[in-house]
Protein chains: 2
Amino acid sequence: MPPGIRDTSQTIQERIAATHVNSLDVDLDSMAAISNIFRVAVMFRNLSERRFLLKHNLTFSGFTVLWVLWVFGKMESYQLAEECGISKGTLTGIVSTLEKHGLIRRIRHPQDGRRKIVMATDRGETLMHRLFPKINRLEQEFVRGLEQTELSSLARMLRIILHSQDTP
Amino acid sequence: MPPGIRDTSQTIQERIAATHVNSLDVDLDSMAAISNIFRVAVMFRNLSERRFLLKHNLTFSGFTVLWVLWVFGKMESYQLAEECGISKGTLTGIVSTLEKHGLIRRIRHPQDGRRKIVMATDRGETLMHRLFPKINRLEQEFVRGLEQTELSSLARMLRIILHSQDTP
DNA sequence: ATAATATTGTTTGAGTCCTAACGAAATCAA
DNA sequence: TTGATTTCGTTAGGACTCAAACAATATTAT
């Protein structure tokens with residue numbers, strides 16, 4: 001069985017309530033929500049890699065970078081890293097891997113000698129054109145148990161969570 | 001600014017709708033939901049590491065393993081890996097790291113010579129007793145923008161998503 | 001009892017991930 | 001016009017991550 005699939009949050013909640021945290025100021029609902037967010041993310045990442053990505057020498061992170069490039073076209077490195085939610089050091093490694101496989105290109109900035117511009121090659125574009133619908137179909141498969149109103153409600157709540165740290 | 005913080009899903013949706021995927025069978029709502037789940041996970045992982053974990057030589061993954069051990073007590077490796085949502089190979093590495101820092105112990109199984117049992121040391125227990133409330137407070141901070149009914153609705157929807165792959 | 005099969009934890013290799021330090025290039029200061 | 005500061009991308013080091021191969025042990029079949 002793939003890792004991270006089972007929903008054991010109920011068990012954990014009972015377990016933890018019965019053992020350590022009765023007295024502490026712990027909120028089990030918040031814990032369950034965040035921990036299930038991680039489970040979904042892990043499950044989606046692993047499943048998409050096994051089904052579609054790894055056979056094309058793509059990791060999920062590599063796919064994300066290529067996807068952002070496919071959507072935005074040319075892009076500067078620091079923007080690309082921010083958009084993908086990774087550090088610039090990590091991006092260097094991923095970009096090198098993708099370049100090695102001929103899926104993207106590095107170009108130097110015409111004015112600024114420090115910056116570099118990254119863009120997909122034709123091979124990268126073609127591959128993304130084939131893979132993106134499959135990934136999206138998996139995304140649809142994941143949320144197929146939700147009504148349309150629930151789905152937009154979920155999206156809205158996730159956006160609220162994302163903004164919870166705007167003014168720490 | 002930490003990576004993966006900004007919620008750019010709206011921008012991306014417009015962008016993608018305007019460029020590649022008009023004709024394809026693509027559902028932008030599903031895409032936005034899944035992609036924001038990843039953003040929340042990345043944000044939480046990085047923030048908790050920077051604020052609480054790294055100064056104690058703990059990664060988020062190491063914390064998770066130690067936490068499961070703290071909740072369940074002794075545990076066999078293969079169960080532990082499944083509960084943490086990681087592969088057994090990955091678990092070996094994390095357990096070795098935690099053992100190196102004196103936070104957990106490996107014990108061999110009395111009957112079965114293949115299996116091993118993992119448990120937290122006193123140092124591990126003490127550290128977890130101090131850290132867990134802090135992590136939970138961060139979890140509460142993340143969902144503070146949601147009503148109580150919304151929070152349980154979120155947890156319910158995530159559970160539905162987790163079960164979406166039960167019968168593929 | 002012996003052989004074939006299955007399971008458990010480890011190792012291996014490629015890749016991702018972070019922070020911190022680094023060199024190169026641009027900008028700012030005086 | 002030097003010098004200090006800032007801002008890029010890269011590198012270094014340590015850790016996590018997977019799949020696949022592996023050795024040791026246990027189970028099943030004949």
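In what follows, chains carry the letters A, B, and so on, assigned in the order in which the sequence lines appear, proteins first and then strands, with residues in each chain numbered from 1. Quick caveat: nothing in here was measured; it's all calculated off a predicted structure.
Contact check, A/Ser87 against C/dC18: a side-chain N or O comes under 4.0 Å of OP1 or OP2. A close approach under 4.0 Å does occur between a side-chain nitrogen or oxygen of B/Ser61 and OP1 or OP2 of D/dT17. Dashed line: the shortest gap from a side-chain N or O of A/Arg50 to OP1 or OP2 of D/dC18 is not under 4.0 Å. One finds no side-chain N or O of B/Arg114 lying less than 4.0 angstrom from the OP1 or OP2 phosphate oxygen of D/dC22. OP1 or OP2 of D/dA15 lies within a sub-4.0 Å distance of a side-chain N or O belonging to B/Lys100. Within the structure, a side-chain polar atom (N or O) of B/Thr97 is placed less than 4.0 Å from OP1 or OP2 of D/dC16.
Separating the OG atom in A/Ser153 from the CZ atom in A/Arg156 is a distance of 5.0 Å, to the nearest 0.5 Å.
Base engagement by A/Thr90 is indicated by at least one non-hydrogen atom pair under 4.0 Å involving a base atom. Within 4.0 Å (heavy atoms only), A/Thr59 reaches sugar-phosphate atoms of the nucleic acid but no base atom. As judged by a 4.0 angstrom heavy-atom cut-off over every strand, B/Arg106 is placed among residues touching the sugar-phosphate backbone only.
By the criterion of side-chain heavy atoms lying less than 4.5 angstrom apart, applied directly or through intervening Ile, Leu, Val, Met, Phe, Trp or Tyr residues, B/Leu127 is not grouped with B/Met119; the two fall into different hydrophobic clusters. Linking ILVMFWY side-chain heavy atoms closer than 4.5 Å, directly or via other members, places A/Ile117 and A/Val68 in two distinct hydrophobic clusters.
Note: CG (A/Leu98) to C1' (D/dG9) measures 16 Å, nearest angstrom. In this structure, the CG atom of A/Asp112 is 15 Å from the C1' atom of C/dG23, given to the nearest Å. Atom CD in B/Glu82 sits roughly 12 Å away from atom P in C/dG9 (whole-Å rounding). The separation between A/Tyr78 atom OH and C/dA25 atom P is 19 Å, rounded to whole Å. Taking atom NE2 of residue B/His109 and atom C1' of nucleotide C/dG9, one finds them 14 Å apart after rounding to whole Å. Whole-Å rounding puts the A/Glu99 CD to D/dG9 C1' distance at 13 Å. Rounded to an integer number of Å, the gap from B/Leu66 CG to D/dC16 P is 12 Å. Spacing between atom CZ of A/Arg51 and atom C1' of D/dA19 amounts to 18 Å, rounded to whole angstrom units.
The 5' end of DNA chain C is approached more closely, in terms of each residue's nearest nucleotide, by A/Gly62 than by the other of A/Lys88 and A/Gly62. Comparing A/Leu91 and A/Leu54 along DNA chain D, the residue whose closest nucleotide (by nearest heavy atom) sits nearer the 5' end is A/Leu91. Closest-nucleotide positions on DNA chain C for A/Gly89 and A/Gln111 were compared, and the one nearer the 5' end corresponds to A/Gly89.
A donor N or O paired with an acceptor N or O is not found under 3.5 Å between the base of C/dT8 and the side-chain atoms of B/Arg115. For B/Lys116 against C/dG9, a side-chain-to-base donor-acceptor contact under 3.5 Å is absent.
Between B/Arg144 and B/Glu150, no side-chain nitrogen of the basic residue sits less than 4.0 Å from a carboxylate oxygen of the acidic one, so the salt-bridge criterion is not met.
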Please assess B/Arg123 against B/Thr126 for the test side chain to side chain contact (heavy atoms under 4.5 Å, CB included), listing each intermediate value before the final yes or no.
CA-CA 5 Å; B/Arg123 263 195 70 200; B/Thr126 307; 5.8 Å; no
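Within a 6.0 Å radius of CZ in B/Arg106, other residues, nucleotides and ligands contribute more than 12 heavy atoms.
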